Amino acid sequence: MNNFEFYNPTRIIFGKGTIPDIDSHIPENARVLMCYGGGSIKTNGVYEQVVSALGDRIFFEFGGIEPNPDYDTLIKAVEFGREEKVDFILAVGGGSVLDGSKLIAAGIPYTDGEVWEIVKGGKSAKIDQALPIGVVLTLPATGSEMNGNSVISRRASKEKYVWVSELVFPKFSVLDPTTTYSLPENQIRNGIVDAYVHVMEQYATYSVNAPLQDRQAESIFLTLQDIGPEALETPPDYEARANLMWTATNALNKLICKGVPEDWATHMIGHELTALYGLAHAESLAVVLPHLLWFQRERKAGKLMQYAHRVWGLAGDDESVIRQALAEMTAFFNHLGMPTKLTDYGIDPDEAANLIEAKFDKKGTKLGEHSDITPKDVADILRMSQ
Ligand code: NZQ
Ligand code: ZN
């Protein structure tokens with residue numbers, strides 16, 4: 001196993017009827033900026049519950065954070081927050097609201113230039129403070145409720161990047177599964193697939209003799225396969241939604257990646273597809289992952305074989321087992337209603353391949369756990385998505 005450090009300071013408050021508990025975790029005299037998205041919280045009762053829990057506190061609102069949160073929107077919240085001297089950020093929504101709120105929390109006290117510099121800092125974003133963040137999660141998918149990641153888009157320049165800082169871990173996250181009841185089917189589907197891909201990117205690399213992490217990852221695959229279809233049913237089933245919510249959090253709270261290599265190539269390629277074509281995050285992953293894993297089948301053979309045996313119960317030790325396992329995974333995604341080819345969206349794989357190859361070439365991007373997936377390989381992978 002590789003050396004590692006593990007730090008996760010987020011308090012999780014889980015279960016039905018837990019939104020009022022935010023009252024005990026936000027200072028009485030805080031000046032709160034409540035951030036939310038396009039309005040779902042105004043029609044499903046979450047907004048009222050949050051406002052009631054805030055009680056007599058002074059609070060301001062910033063709504064309109066869009067899916068794949070846009071820098072130009074968030075910078076308005078930064079300016080507003082500075083004017084109103086807010087000192088606590090309360091994010092109420094899905095991954096986009098949470099990620100956007102992290103940039104707002106870091107951007108308000110930032111004095112070293114344009115706030116975009118924080119995003120450009122990537123994995124070692126240079127900030128020395130951020131306002132405290134509280135979360136009420138309404139969409140199980142990203143794990144943002146229990147990690148220090150934030151993914152920000154800039155539509156004006158067709159860019160989408162992840163930045164990371166320990167300073168933006170939420171202080172607390174309320175996970176009330178009943179908030180997910182109003183989600184449309186495609187968002188539940190997106191959440192299941194996003195969580196599944198998170199686990200795959202922390203698992204399908206090479207073995208470093210870390211059996212606990214392997215089995216944690218496999219248990220998440222199996223759980224998602226079991227509960228995924230149930231979570232899509234209407235009327236919503238509390239147990240299925242509760243299990244999905246906690247499973248998605250565990251898929252990216254950075255526990256299963258400790259001490260093992262990671263491969264975030266599918267996410268990096270997916271972010272480019274979202275920036276270029278506007279695909280939802282999970283949609284962008286599902287059109288890449290099966291093809292990337294097949295392309296990398298020799299590099300990843302040990303782990304993919306283990307995945308085939310333990311997750312899909314397949315016997316044998318040649319390439320055909322990997323092919324079968326990837327076919328099972330793809331069928332699982334499709335069964336949830338998730339397309340797995342670029343052509344399903346009317347996107348020309350050749351065009352996507354050329355554009356992304358050129359962009360990665362320019363930046364000298366190499367992906368994968370061995371940093372050996374070249375821009376040309378990325379183009380070959382995208383051309384397979386038809
Ligand atoms: O904006 P509102 O009106 O709230 O509607 C949202 C939005 O349209 C809706 N929604 C959320 N909760 C709802 C609801 N509708 C009805 N009832 C509810 N309870 O769902 C739509 C999508 O929301 P969004 O937040 O965009 O979805 P998701 O949670 O999938 O987040 C995607 C973003 O997270 C980033 C992605 O790149 C993307 O920008 N990611 C963040 C990660 C992280 N921080 O660790 C990791 C991920 O890999 C991912 O990259
Ligand atoms: Zn993701």
Side-chain angles (χ1 to χ4, degrees), residues 10 19 35-47 49-50 62-71 73-74 91-103 119 123 133 135-155 159-165 168-170 173 175-202 236 241 244-245 248-249 251-254 257 262 264-275 278-286 288-289:
T10 301
I19 293 179
C35 301
Y36 53 90
S40 69
I41 65 161
K42 292 262 174 93
T43 53
N44 61 8
V46 171
Y47 176 84
Q49 292 183 63
V50 171
F62 187 87
I65 298 178
E66 53 284 272
N68 305 307
D70 194 73
Y71 178 73
T73 304
L74 302 171
V92 186
S96 294
V97 170
L98 273 51
D99 286 5
S101 297
K102 289 175 179 176
L103 188 65
V119 179
K123 291 219 164 105
I133 303 167
V135 163
V136 175
L137 181 71
T138 64
L139 199 174
T142 62
S144 186
E145 65 278 10
M146 202 178 173
N147 68 38
N149 295 0
S150 163
V151 187
I152 304 299
S153 296
R154 199 168 190 173
R155 283 165 180 71
E159 292 171 285
K160 179 170 181 174
Y161 299 120
V162 58
W163 66 279
V164 184
S165 169
V168 295
F169 272 99
S173 286
L175 276 56
D176 178 342
T178 65
T179 62
T180 72
Y181 287 1
S182 54
L183 278 167
E185 228 175 77
N186 69 324
Q187 295 298 346
I188 298 273
R189 168 203 81 176
N190 288 355
I192 299 165
V193 171
D194 190 21
Y196 201 96
V197 180
H198 292 159
V199 178
M200 191 61 88
E201 302 231 72
Q202 298 165 89
R241 294 296 173 93
L244 175 59
M245 214 169 201
T249 300
L252 197 52
N253 66 359
K254 308 293 187 81
C257 63
E262 300 173 70
W264 288 97
T266 295
H267 268 70
M268 293 305 109
I269 303 168
H271 288 171
E272 296 301 327
L273 288 170
T274 296
L279 292 186
H281 173 61
E283 293 172 345
S284 77
L285 304 176
V288 175
L289 184 75

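Values below: every heavy atom of this structure, side chains too, minus hydrogens, waters and symmetry copies. Note that the structure is predicted; figures quoted are calculated from it, not measured. Order of appearance sets the numbers: ligands from 1, and atoms from 1 within every ligand. Numbers for residues simply follow the sequence, beginning at 1.
- Checked by atom type and distance alone, the side chain of E272 never pairs as donor or acceptor with a backbone atom of H267 at under 3.5 Å.
- No side-chain N or O of S96 forms a donor-acceptor pair with one of E66 less than 3.5 Å apart.
- Looking at N44 and S182, their side chains do bring a donor and an acceptor atom within 3.5 Å of each other.
- The shortest N or O to N or O distance between G39 and ligand 1 is below 3.5 Å.
- Annotation: atom 15 (N) of ligand 1 to nearest protein heavy atom, S40 CB, 3.5 Å.
- Contact record, V119 with W163: O-CB, 3.8 Å, taken as the closest heavy-atom pair.
- Closest to atom 49 (C) of ligand 1 by heavy atom, among H281, K42, H267, is H281.
- By the criterion of a heavy-atom distance under 4.0 Å, the side chain of N44, and not its backbone, is placed next to ligand 1.
- The distance criterion of under 3.5 Å between nitrogen or oxygen atoms is met by D99 with respect to ligand 1.
- The protein heavy-atom contact nearest to atom 30 (O) of ligand 1 is A141 CB, 3.9 Å.
- Side chain of D70 to main chain of R155: a donor-acceptor pair is present (N/O by atom type, distance under 3.5 Å, no hydrogens or angles).
- Between the side chain of E283 and the backbone N or O of N190 there is no donor-acceptor pair closer than 3.5 Å.
- Among the heteroatoms counted here (N, O or S) of D194, OD1 is the one nearest to the Zn ion (ligand 2).
- Relative to atom 37 (O) of ligand 1, the option among K102, M146, H271, K160 with the closest non-hydrogen atom is K160.
- Using a distance-only test at 3.5 Å, with no hydrogens or angles considered, no donor-acceptor pair links the side chain of T10 to the main chain of M146.
- Against a heavy-atom cut-off of under 4.0 Å, L252 is close to the following atoms of ligand 1: 45 (O), 46 (C).
- Under the 4.0 angstrom criterion for non-hydrogen atoms, N190 is not in contact with ligand 1.
- Judged purely by atom type and a 3.5 angstrom limit, S101 has no side-chain atom pairing as donor or acceptor with the backbone of A91.
- Counting only N and O atoms by type, the side chains of N149 and K254 include a donor and acceptor under 3.5 Å apart.
- Residue contacts with ligand 1 include P69, since one of its heavy atoms falls under 4.0 Å from the ligand.
- Not a single N or O atom of S150, backbone or side chain, sits closer than 3.5 Å to an N or O atom of ligand 1.
- Taking any N or O of G95, backbone or side chain, at least one lies under 3.5 Å from an N or O belonging to ligand 1.
- In this pair, Y47 and Y36 present their aromatic rings perpendicular. The plane angle is above 60°, beyond the 30 to 60° band.
- Atom 27 (O) of ligand 1 has its closest protein heavy atom at L139 CD1, 3.3 Å.
- Not a single heavy atom of E66 sits closer than 4.0 Å to an atom of ligand 1.
- Every atom of ligand 1 with a heavy atom of P67 under 4.0 Å away is listed here by number and element: 7 (C), 8 (O), 26 (O).
- Of the possible polar contacts, one joining the N147 side chain to the L252 backbone as a donor-acceptor pair under 3.5 Å is found.
- The ligand atoms of ligand 1 that sit less than 4.0 angstrom from a heavy atom of S182 are 16 (C), 17 (N), 18 (C), 19 (N).
- Given atom 42 (C) of ligand 1, the protein heavy atom at minimum distance is T142 CB, 3.7 Å.
- Less than 4.0 angstrom separates some heavy atom of G37 from each of these atoms of ligand 1: 1 (O).
- Two residues are said to be in side-chain contact when any heavy atoms from C-beta on lie closer than 4.5 Å; S173 and L137 fail this criterion.
- Counting only distance, with no hydrogens or angles, the side chain of N68 and the backbone of S153 share no donor-acceptor pair below 3.5 Å.
- Here the heavy atom of the protein found nearest to atom 39 (O) of ligand 1 is N68 OD1, 3.1 Å.
- Between T180 and ligand 1, no pair of N/O atoms sits closer than 3.5 Å.
- From the protein, the heavy atom lying nearest to atom 12 (N) of ligand 1 is T138 OG1, 2.8 Å.
- The single protein non-hydrogen atom nearest to atom 32 (C) of ligand 1 is S96 OG, 3.7 Å, given as residue, atom name and distance.
- Between the side chain of T266 and the main chain of E201, no donor-acceptor pair closer than 3.5 Å is present.
- For the pair P69 and G100, the tightest heavy-atom approach, listed with the atom from each and the gap, is CG-N, 4.1 Å.
- Looking only at protein heavy atoms, the nearest one to atom 2 (P) of ligand 1 is G38 N, 3.3 Å.
- Near V151, with a cut-off below 4.0 Å to any heavy atom, the atoms of ligand 1 are 37 (O), 40 (N), 41 (C), 42 (C), 50 (O).
- Rounded to 10°, the angle formed at the Zn ion (ligand 2) by H198 NE2 and H267 NE2 is 90°.
- Proximity annotation for atom 43 (C) of ligand 1: of N149, V97, L98, N149 comes nearest, heavy atoms only.
- At a distance under 4.0 Å, no protein heavy atom can be found next to atom 6 (C) of ligand 1.
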Would you please test K102 and S165 for side-chain hydrogen bond (donor to acceptor under 3.5 Å, both in side chains) and show each step? CA-CA 9 Å; K102 289 175 179 176; S165 169; over 6 Å; no
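- Heavy-atom proximity to T179, at under 4.0 Å, picks out these atoms of ligand 1: 19 (N).
- Contact of the I41 side chain with the V50 side chain is not registered, since no non-hydrogen atoms from C-beta on lie closer than 4.5 Å.
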